[in-house]
Amino acid sequence: MVNLNSYYQLITLPKVTDSRGNLTFMEGNKQVPFEVKRVYYIYDVPENKTRGYHSHYDQHQFLIAINGSFEVVLDTGREQCRIIVDNPNIGLHIKPGIWHVMENFSKGCLLLALSSHEYDESDYIRDYNQYLKEQTML
Ligand code: T46
């Protein structure tokens, strides 16, 4: 049985502070633990709307709340946890194989996502029962 903790990691990014403000940076295969193939961002999420409800076969995601906050529920079918993402210099690395839901987006939240793969719908499992079935076959 694979442990829930092995599916994710919170990574603190560098933060360069001087009298002009803060600067945070990240590079693929360095602070971001995979080669970055795609960037997307999620914003203007209406109050109480939720997103995600899928797992990936191969893709890694690295999620940052550039502004505001959101929460991610991670679920293996056996274990669940909730991660609050609310700091522009802390990224959440979500590995493949974990069901994830994003919720409780704050007003004005800007979620920046880096992905290890180009967009490919066949990499998604969007049916929870299918996900559970595939988990039990592991
Ligand atoms: C993930 C979480 C954290 C594209 O055409 N290209 C893209 O690169 C992406 C990300 C999405 N799309 C299309 C696919 C759907 O028709 O945009 C539509 C909305 O995507 P989705 O419903 O998958 O969005 P979320 O917020 O539920 O999930 C997204 C990522 O898709 C997913 O990989 O892990 O954010």
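Start at 1 and go down the list; that is how both ligands and their atoms are numbered. Position 1 is the first residue of the sequence; numbering continues from there. These numbers come from a predicted model, not from an experiment.
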Taking the side chain as every heavy atom from C-beta outward, state whether L92 and I94 have any pair of such atoms under 4.5 Å apart.
yes
Over 60° means perpendicular and under 30° means parallel, so classify the ring planes of H54 and Y124, tilted if in between.
perpendicular
Can you list, by chain and residue number, every protein residue with a non-hydrogen atom closer than 4.0 Å to ligand 1?
R38, Y40, I42, R51, G52, H54, H56, Q61, L63, H100, M102, Y119, Y124, R126
Does H100 have its ring centroid less than 6.0 Å away from the ring centroid of Y53?
no
Excluding sequence neighbours, so at least two apart, what forms side chain to side chain donor-acceptor pair (under 3.5 Å) with E121?
Y119, R126
May I ask you to check whether over 12 heavy atoms, not counting those of Y57, lie within 6.0 Å of atom OH?
yes
T24 versus N89, side-chain donor and acceptor atoms under 3.5 Å
no
